[in-house]
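Bear in mind the structure is a predicted one, so any value in this text is a computation, not a measurement. Read the numbers this way: they start at 1 and go in the same order the structure lists the ligands and their atoms.
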Amino acid sequence: MKLNVLTLPGDGIGIEVTTEAVKVLKHIAGLYGHELSLNEGLLGGIAIHKTGNPFPDETRELALHADATLMGAVGLPEFDNAPPDKRPERGLLGIRKTLEVYANLRPVRSYKALLDSSPLKNHLADGVDMIIVRELTGGLYYGTPRGISGSGAEERAVNSMVYTRPEIERVTHMAFQLARKRRKKVTSVDKSNVLENSQLWRRVVTEVAREYPDVTLDHLLVDNCAMQLVLNPKRFDVVLTENLFGDILSDEGAVLAGSIGMLPSASIGSQRPSGAWVGLYEPVHGSAPDIAGQNKANPLGAIGSVAAMLEYSFGLMEEANAVNRAMEEVLNSGRVTADLKPAGAPATTAEVGDAICATLVRPVTA
Ligand code: IPM
Ligand code: MG
């Protein structure tokens, strides 16, 4: 198969974790005989430095022509006070919207080897296996009107939480289709006791659910959901929610797995005539400028994102499973970065990538 992939390493540790993810992608393509066509582009702070724009036109073109895009991370502290359209994060919002990748899938599962790294007691964390489906191209992140106006006592700021019925329907279908391949349970999260936006969300989700009688649906208010995630995380299978709630809950979910450095994510939207899903793959963690360039960031979120790319964009389940198994083996062997290793000598970012490649061998079939 031809794998047409764009990489956008971005800022901070994005660069070093993407290097390891690409190493693993090349290795697996070689093992299974896939033709890999790789392009690299600029996004985020590095793109502002080189072109003045966090999402340059050349990057837009490259992304529109790739089947899948692998992103590292964006964000640099020097832009903290920059105007909104000159911030690295704008680049990320721009590419998500351009590719119309409206469903962001963030799987959270516990690994036996990492139970002691979870802030939860082992019996609560052990066996957690959920996927957060976060709506990614609507809500407060994109709604208008928005902006800051006036001055002095008259200064005010506005953001708008906007969802249309079709936007809710399409992401709900995605969540229910995923649930069918899992434990068949969707929990929709909203704030319908206060927000009209959430009232529409709940009504539309309930209507769509009627098309999936084999899947159970329940609703949780977002504050309660934040609590249930630490009280009883095993109750969740597929968590469906809007953009900002999903952003917040997925960071909370991430630490259940031991470290935010572990979490991959897949954002998908439309399907190409070839059958490939246009997708944007990125670890959930940020650019962590405090540890950037030191070869100590955990690359497993980025490497897990490669597994997600193989699965969702290219339908290569065997290859995806091989990467996931290699990750588990490397975790069990203790060759992990400092975030997962409170005692003993940690592995470097590059050593973890090498260990995954060394573990990845094609199973011999008769
Ligand atoms: C995420 C990040 C982004 C978001 C930021 C960097 C814009 O926190 O992917 O979770 O809020 O979506
Ligand atoms: Mg976030």
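Arg96 and Thr137 are not linked by any side-chain donor-acceptor pair at a separation below 3.5 angstrom, with hydrogens and angles left out of the test.
Under the rule for a side-chain hydrogen bond (donor to acceptor under 3.5 Å, both in side chains), the partners of Asp354 that lie at least two apart in sequence or sit in another chain are Lys23.
For Lys191 (side chain) and Asn197 (main-chain N/O), no donor-acceptor pair under 3.5 Å exists by modelled atom type. The main-chain N or O of His27 is never found under 3.5 Å from a side-chain atom of Tyr32 such that the two would form a donor-acceptor pair. A side-chain donor-acceptor contact under 3.5 Å links Lys234 to the backbone of Asp126. Side-chain atoms of Arg183 do not come within 3.5 Å of backbone N or O of Met130 as any donor-acceptor pair.
The pair Asp237-Arg182 meets the salt-bridge criterion, since a charged nitrogen lies less than 4.0 angstrom from a carboxylate oxygen.
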Using a cut-off of under 3.5 Å, which N/O atoms of ligand 1 pair up with protein N/O atoms, and what distance separates each pair?
unit_1: ligand 1; atom_1: 8 (O); unit_2: Asp247; atom_2: OD1; d: 3.2
unit_1: ligand 1; atom_1: 9 (O); unit_2: Arg96; atom_2: NH2; d: 2.8
unit_1: ligand 1; atom_1: 9 (O); unit_2: Arg106; atom_2: NH2; d: 2.9
unit_1: ligand 1; atom_1: 10 (O); unit_2: Arg106; atom_2: NH1; d: 3.1
unit_1: ligand 1; atom_1: 10 (O); unit_2: Arg106; atom_2: NH2; d: 3.2
unit_1: ligand 1; atom_1: 10 (O); unit_2: Arg134; atom_2: NH1; d: 3.4
unit_1: ligand 1; atom_1: 10 (O); unit_2: Asp247; atom_2: OD1; d: 2.9
unit_1: ligand 1; atom_1: 11 (O); unit_2: Tyr141; atom_2: OH; d: 2.5
unit_1: ligand 1; atom_1: 11 (O); unit_2: Asp247; atom_2: OD1; d: 3.4
unit_1: ligand 1; atom_1: 12 (O); unit_2: Arg96; atom_2: NH1; d: 2.8
unit_1: ligand 1; atom_1: 12 (O); unit_2: Arg96; atom_2: NH2; d: 3.4
unit_1: ligand 1; atom_1: 12 (O); unit_2: Arg134; atom_2: NH1; d: 3.2
unit_1: ligand 1; atom_1: 12 (O); unit_2: Arg134; atom_2: NH2; d: 2.8

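The shortest non-hydrogen separation linking Ala68 to Tyr281 is CB-CE1, 3.9 Å.
Within the structure, side-chain hydrogen bond (donor to acceptor under 3.5 Å, both in side chains) contacts touching residues 224-233 (residues at least two apart or in different chains) are Asn224-Gln228.
By the criterion of a separation under 2.8 Å, the protein N/O/S atoms near the Mg ion (ligand 2) amount to Asp247 OD1.
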